[in-house]
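Just dropping this structure here.
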Amino acid sequence: MLSLHHEVFMEVARLRSFTKAGQVLFLSQSAISKHIKSLEYRYKIGLFERHGNSISLTQAGHILYDKLLEAAQLRAELHHELQHINENFLPPTKLAIGSSTTISLYVLPSVLSAYLREKPHIQLSVLNRNSDNIQTALLEHDIDVGIVEGITRVNTLTYTPFTTDDVLAVCSGNSPLRGRILPLTALLEIPLALRENGSGTLAVVEDELFKRGIKQSDLKVLIRLGGTEALKNFVLADTCLAFMPRRAIVKELAAGDLVEVKIEDLFIQRAFHFIQRKGTENNSLVNEFIRFTRHYYSKMD
């Protein structure tokens, strides 16, 4: 349904770079240029504007890219439906997933392994970013489906519940905070290590504290760290308090390296959601992945 010229064009348009598209497609930059020139000759119009070291899509380029995205989705749906009536038809199918850090590290690995054992013809790729960046990647068509936490809803996306996880206040096993039950007001005085802005974990913590009259600016923030592992390793080496998802620290809690610190009148639970672009809710490949993943975790929870 899509020619090689079109496949090359889509990668250049997606990455806004001839060089990066060549690296992804294992083609030389001159080969990439030839494919684009062939399309521009066919359509008798320029598809990219060159700005020194950067490029952008022309109006015609935007139109072509949008239509090719629709064609690519139709192709994926066609292949998926044909498989249901002919098990011998197994075309290589790409599915790009984006997920926030905790989900990528602690939720997805086992389910992706199970999914690929059942569907070995599907080529999976996983983008690991914080929740805000995953939403952006989905809106820019860099991924087919996202899984996020602590969402700020966007009206051009749809949200499907996945599972939940508790967010715990924790300290290292060597911290003087170990074993204490703290009043909520103690959070105004105790040094805290927090995730970076845009983190789903941070968003849900902020929301719950705000409901209890505490703003982020009221907190004594010692450090902000990008990523769950960076935060975990800092807390293990320090005596501060941090908020971390239970799924990320199961082993450390069991070993006593990290200890939950109870805080009066504070229970934090966050929900994970699948996100899709509106208008793509009928994408059978994505929907099947969502059903598989939800079923897999429903048996575990």
Side-chain angles (χ1 to χ4, degrees), residues 98-106 128-139 146-157 159 164-249 252-253 257-273 275:
S99 61
S100 54
T101 306
T102 301
I103 298 167
S104 293
L105 292 174
Y106 308 106
N128 174 15
R129 297 288 187 272
N130 68 34
S131 293
D132 282 358
N133 289 335
I134 293 302
Q135 288 195 148
T136 299
L138 186 64
L139 290 169
I147 312 175
V148 296
E149 51 188 295
I151 53 175
T152 301
R153 291 183 179 267
V154 176
N155 60 14
T156 53
L157 299 177
Y159 299 80
T164 60
D165 189 21
D166 297 337
V167 178
L168 308 179
V170 296
C171 67
S172 77
N174 299 319
S175 172
L177 298 173
R178 176 176 180 163
R180 294 177 60 185
I181 299 176
L182 302 176
L184 193 61
T185 53
L187 294 178
L188 304 177
E189 303 296 332
I190 294 174
L192 292 172
L194 297 178
R195 284 285 304 277
E196 81 286 3
N197 289 324
S199 156
T201 302
L202 177 63
V204 73
V205 170
E206 284 183 330
D207 184 57
E208 290 299 327
L209 291 179
F210 186 76
K211 291 175 183 177
R212 292 160 177 79
I214 297 177
K215 302 188 295 294
Q216 187 180 162
S217 58
D218 298 330
L219 302 174
K220 187 176 180 180
V221 180
L222 175 66
I223 190 171
R224 294 182 182 276
L225 291 146
T228 305
E229 286 297 305
L231 179 59
K232 181 197 299 185
N233 289 330
F234 182 85
V235 176
L236 286 169
D238 199 78
T239 59
C240 66
L241 189 72
F243 290 95
M244 300 198 67
R246 184 187 296 275
R247 292 181 190 268
I249 54 176
E252 288 77 11
L253 289 173
D257 297 327
L258 290 177
V259 179
E260 181 180 2
V261 178
K262 298 290 186 180
I263 299 175
E264 295 174 353
D265 190 36
L266 187 65
F267 173 73
I268 304 176
Q269 187 178 73
R270 60 185 179 168
F272 298 149
H273 287 79
I275 55 174

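All residue numbers refer to positions in the sequence shown, counting from 1. Because the structure is predicted, anything quoted here is derived from the model rather than measured.
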Look only at the side chain of R178 and the backbone of G173, and say whether a donor-acceptor pair between them is shorter than 3.5 Å.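 Checked: pair present.
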Please, which pairs that meet side chain to side chain donor-acceptor pair (under 3.5 Å) have at least one residue in residues 179-197, sequence neighbours excluded?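 Non-adjacent pairs meeting side chain to side chain donor-acceptor pair (under 3.5 Å): N130-E196, R195-T228.
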Between I134 and L138, does a side chain to side chain contact (heavy atoms under 4.5 Å, CB included) hold up when you go through it step by step? CA-CA 6 Å; I134 293 302; L138 186 64; 5.6 Å; no
Criterion side chain to side chain contact (heavy atoms under 4.5 Å, CB included) on C240 and F234, from CA distance to verdict: CA-CA 9 Å; C240 66; F234 182 85; 3.8 Å; yes
In Å, rounded to the nearest 0.5 Å, how long is the span from CG of D218 to CG of L209?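 Here the interatomic distance stands at 9.5 Å.
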With a cut-off of 3.5 Å and sequence neighbours excluded, list every side-chain donor-acceptor pair involving residues 260-268.
{"residue": "E260", "atom": "OE2", "partner": "K262", "partner atom": "NZ", "Å": "3.4"}

Under 3.5 Å donor-acceptor, S99 side chain and I147 backbone: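 No, S99 side chain to I147 backbone: no donor-acceptor pair under 3.5 Å.
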If I take atom OG from residue S172 and atom CG from residue D257, how far apart are they, to the nearest 0.5 angstrom?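 Interatomic distance, S172 OG to D257 CG, rounded to 0.5 Å: 9.0 Å.
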Please report the closest heavy-atom contact between A230 and L225, naming both atoms and the distance.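 Heavy-atom minimum between the residues: O-CD1, 3.9 Å.
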How far does CZ of R129 sit from CD of Q135, to the nearest 0.5 angstrom?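 Answer rounded to 0.5 Å: 15.0 Å.
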Report the distance from atom CD1 of I103 to atom CG of N128, rounding to the nearest 0.5 Å.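 Between atom CD1 of I103 and atom CG of N128 there are 10.0 Å.
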Mind checking the CG-OG1 spacing from L177 to T239? Nearest 0.5 Å is all I need.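 Between atom CG of L177 and atom OG1 of T239 there are 7.0 Å.
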Shortest non-hydrogen contact between G227 and T101, atoms and distance: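 Closest approach of G227 to T101: CA-CG2, 4.3 Å.
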Which pair of non-hydrogen atoms, one from V170 and one from M244, has the smallest distance, and what is that distance?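 For V170 versus M244, the nearest heavy atoms are CG2-CG, 4.0 Å.
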Got a donor-acceptor contact below 3.5 angstrom from the D165 side chain to the P245 backbone?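 Not confirmed, D165 side chain does not pair with P245 backbone.
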Do the side chains of L241 and L187 get nearer than 4.5 Å, heavy atoms only?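 Yes, close enough: below the 4.5 Å cut-off.
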Side chains of L258 and K232: closer than 4.5 Å at any heavy-atom pair?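 Touching, per the 4.5 Å side-chain cut-off.
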G198 to D132 - nearest heavy-atom pair and separation: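 What the structure gives for the nearest pair is CA-OD2, 3.4 Å.
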Measure the CG-CD1 distance between D238 and I223 for me, rounded to the nearest 0.5 Å.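 Taking CG in D238 and CD1 in I223, the distance rounds to 8.5 Å.
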State which residue, out of T201, T102, V148, fulfils the side chain to side chain contact (heavy atoms under 4.5 Å, CB included) condition with S131.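 Answer to the side chain to side chain contact (heavy atoms under 4.5 Å, CB included) test with S131 among T201, T102, V148: V148.
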Kindly say whether E208 contributes a backbone atom to a donor-acceptor pair with the side chain of R212 at under 3.5 angstrom?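 A pair under 3.5 Å: yes.
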Can you name the closest pair of heavy atoms from V154 and Y159 and give their distance?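 Minimum heavy-atom separation between V154 and Y159: N-OH, 2.7 Å.
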